[in-house]
Amino acid sequence: MLSDFIPSDHLSWTGQVLDIEDGNVYSSVITLRGKRTLQIDTFKGSDIIKIDFWTRVEKAILIDGVA
């Protein structure tokens, strides 16, 4: 779960990520990478512990009315 994100510049936001697997909350930075991709960096202290990329789909495909 992502929470409490605030802009840090025109392409990045800082906030927190709840890891549902271990129940811990970590600091995080979300950065816009191009028109369709977000990079989510998760930190424990000053160390990056995870980097995720989310990509927007062009068009959702509906299967039985669900995207």
Side-chain angles (χ1 to χ4, degrees):
M1 177 190 306
L2 306 172
S3 65
D4 301 324
F5 278 84
I6 59 171
S8 54
D9 63 37
H10 70 283
L11 296 176
S12 298
W13 298 262
T14 57
Q16 299 179 329
V17 172
L18 168 63
D19 185 333
I20 59 171
E21 292 180 5
D22 66 16
N24 290 322
V25 176
Y26 299 99
S27 60
S28 185
V29 176
I30 295 176
T31 305
L32 184 61
R33 300 284 182 207
K35 293 181 179 181
R36 298 178 43 227
T37 304
L38 292 176
Q39 178 178 332
I40 300 98
D41 298 335
T42 304
F43 298 86
K44 184 174 186 178
S46 61
D47 297 326
I48 293 179
I49 59 171
K50 188 173 184 181
I51 299 173
D52 290 302
F53 293 91
W54 294 358
T55 302
R56 180 183 296 180
V57 297
E58 288 294 325
K59 191 180 242 184
I61 298 172
L62 296 179
I63 299 173
D64 294 330
V66 178

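Note that the numbering runs from 1 along the sequence shown for the chain.
For Thr31, the side chain to side chain donor-acceptor pair (under 3.5 Å) partners are Ser12, not counting sequence neighbours.
The hydrophobic clustering, which links ILVMFWY residues whose side-chain heavy atoms are closer than 4.5 Å, places Leu2 and Val25 apart. Hydrophobic clustering (side-chain heavy atoms under 4.5 Å, transitive across Ile, Leu, Val, Met, Phe, Trp, Tyr) groups Leu38 together with Phe5.
A side-chain contact (heavy atoms from CB on, under 4.5 Å) with Ile30 is found for one member of Ile40, Thr14, Leu11, Asp41 and no other, namely Ile40.
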Result block: side-chain N/O donor-acceptor pairs under 3.5 angstrom for residues 16-23, not counting sequence neighbours:
from	atom 1	to	atom 2	distance (Å)
Asp19	OD1	Glu21	N	2.8
Asp22	OD1	Asn24	N	2.8
Asp22	OD2	Asn24	ND2	3.4
Asp22	OD2	Tyr26	OH	2.7

Can you give each donor-acceptor pair under 3.5 Å made by side-chain atoms of residues 43-58, sequence neighbours left out, with the distance rounded to 0.1 Å?
from	atom 1	to	atom 2	distance (Å)
Glu58	OE2	Arg36	NE	3.1

